[in-house]
There are 2 protein chains.
Amino acid sequence: MSKSTAVSPQAVHVAARNLFASQGYRGTSMKDIAQVLAVSAPSLYNHVPSKQDLLHSIMNVAMDRALGALSAALEGVTDVADQLRRATEVTVLDFLENPAEVTVCNTEIRSLEDPFRQAIIDKRDAYGRRILDIVERGCAAGTFDVAEPRVASFAILEMGNNAKAWFDPRGQYTAGEVAALYGSFALRIVGHREGVSP
Amino acid sequence: MSKSTAVSPQAVHVAARNLFASQGYRGTSMKDIAQVLAVSAPSLYNHVPSKQDLLHSIMNVAMDRALGALSAALEGVTDVADQLRRATEVTVLDFLENPAEVTVCNTEIRSLEDPFRQAIIDKRDAYGRRILDIVERGCAAGTFDVAEPRVASFAILEMGNNAKAWFDPRGQYTAGEVAALYGSFALRIVGHREGVSP
DNA sequence: CCTACCGATCGGTAGG
DNA sequence: CCTACCGATCGGTAGG
């Protein structure tokens, strides 16, 4: 379990992320993190200012990565159905490829104190807003047909959230194939003609 | 915030459920629970055996309620599309009407110790299995058209999970109307002809 | 239902 | 990077 050699802010970040995901923020002590890195707990404070800062850093890196991946996936894509498919795929891919960060973001917002807390909520809301924008534009263009774009966008964003819990990277499907399935579900939810997967 | 008079196992259960949902199991002390009930922390042990037992009780009650509601909703319903719509509606209704229990079930399985833990996981899996059964029967009957029934059933089960976070009981829609929207999404995901809501 | 109290553990600091 | 240590808090018990 331990992976000594070369303690760094990065290494502390990774150890904390994994422990926070499996045991929770309050269920993880600085000593637990230190043990993974084979050092004493006080030594961690040479690399990170506090446990709370560590939590914020983990969530902030995760949100920036997700927002960046969403932007990259939509670059140059003009068809609104393609946009929704790609946005859904990149969202699910992020869930599958970064299960620990996503778990921390999902379960530990309440453990974040308030200078940090609102900043993370704002980024999460910005992500949701971008999905909603796509759904609304598709409805306005007559490409989508769904009674409540806002509810539909929440459903799309949420439906893949727990895929990391059952997904097996060495199983029947690749992460990309699972993401493609969810992309087709998204198009079906918004009532786009032809939501069947490749 | 406090609600004194008549401390009972029930009252402790309710106070603990609300605090576990908002602050987490490890972030809630027995003293916190006692304060809501306006008694001292040791007094709680006259009503409940331990904090861990309290957590298990909250999750077990929630799972039994959800499983019972699912059975009741499906009673006498023979059409497989109606079954999926009703199962999805009752699932989302449960999420909206019991937000605190659902939050605890979603975030605190890791805080449950192992005699209790597996029993809760088994009940959760049984719930998911019943949704999957409906999707598989619909596919076998040719009523549904979806490439991966298993993935579809996970998506259906998950898509309403966070609805409690944005749903406002005094807002534009009733819980029943929101549930109906998700019911139509479920039918669309499985490729049933006509998934548009009433 | 209370006060008094137990051993254990926590995040973080001092000082080197 | 370490040991030694701080004040605070934890779940739970004793005893009434």
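Reminder, nothing fancy here: chain letters follow the sequence lines and each chain counts from 1.
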Between [atom2] of [N] and [atom1] of [X], the distance in whole Å:
{"X": "Ile33(B)", "N": "dG11(D)", "atom1": "CD1", "atom2": "P", "value": "8 Å"}
{"X": "Met30(B)", "N": "dC1(C)", "atom1": "CE", "atom2": "C1'", "value": "15 Å"}
{"X": "Leu55(A)", "N": "dG12(C)", "atom1": "CG", "atom2": "P", "value": "12 Å"}
{"X": "Leu37(B)", "N": "dC2(C)", "atom1": "CG", "atom2": "C1'", "value": "16 Å"}

Roughly how far, to the nearest 0.5 Å, is [atom2] of [Y] from [atom1] of [X]?
{"X": "Asp64(A)", "Y": "Lys123(A)", "atom1": "CG", "atom2": "NZ", "answer": "3.5 Å"}
{"X": "Glu158(B)", "Y": "Glu158(A)", "atom1": "CD", "atom2": "CD", "answer": "5.5 Å"}
{"X": "Glu108(A)", "Y": "Leu55(A)", "atom1": "CD", "atom2": "CG", "answer": "6.5 Å"}

Just so I know, are the side chains of [X] and [Y] near enough to count as touching, which here means a heavy-atom distance under 4.5 Å?
{"X": "Phe144(B)", "Y": "Arg137(B)", "answer": "no"}
{"X": "Met159(B)", "Y": "Phe185(B)", "answer": "yes"}
{"X": "Asp53(B)", "Y": "Ser50(B)", "answer": "yes"}
{"X": "Phe154(A)", "Y": "Phe167(B)", "answer": "no"}
{"X": "Asp145(A)", "Y": "His192(A)", "answer": "no"}
{"X": "Val190(A)", "Y": "Ile156(A)", "answer": "yes"}

Exercise for review: Stems involving DNA chain D: give each as a range paired with a range, ordered by first number, where a stem means at least three consecutive Watson-Crick or G-U wobble pairs under 3.5 Å.
Suggested key: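 Ordered by first number, the stems with DNA chain D (at least 3 consecutive pairs each) read C:1-16 with D:1-16.
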Check your understanding: Any Lys/Arg nitrogen of Asp133(A) or Arg129(A) sitting under 4.0 Å from an Asp/Glu carboxylate oxygen of the other?
Key -> yes
Review point. Heavy atom of residues 21-29 of chain B under 4.0 Å from DNA chain D: which residues?
Key: Thr28(B), Ser29(B)
**Study point:** Minimum-distance nucleotide to Pro42(B) side chain [options: dA4(C), dT3(D), dC1(D)]
**Key:**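 Selected nucleotide: dA4(C).
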Review point. Hey, can you pull the residues of residues 44-53 of chain B with a non-hydrogen atom under 4.0 angstrom from DNA chain C?
Key: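 Residues of residues 44-53 of chain B under 4.0 Å from DNA chain C: Asn46(B), His47(B).
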Check your understanding: Does atom CZ of Arg26(B) have more than 12 heavy-atom neighbours, drawn from other residues, nucleotides or ligands, at distances under 6.0 Å?
Key ->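 Open: at most 12 neighbouring heavy atoms sit under 6.0 Å from CZ of Arg26(B).
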Review point. Does Ser40(A) or Asp32(B) map to a spot on DNA chain D nearer the 5' end, using the closest nucleotide for each?
Key: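 Its nearest nucleotide lies further toward 5', so the answer is Ser40(A).
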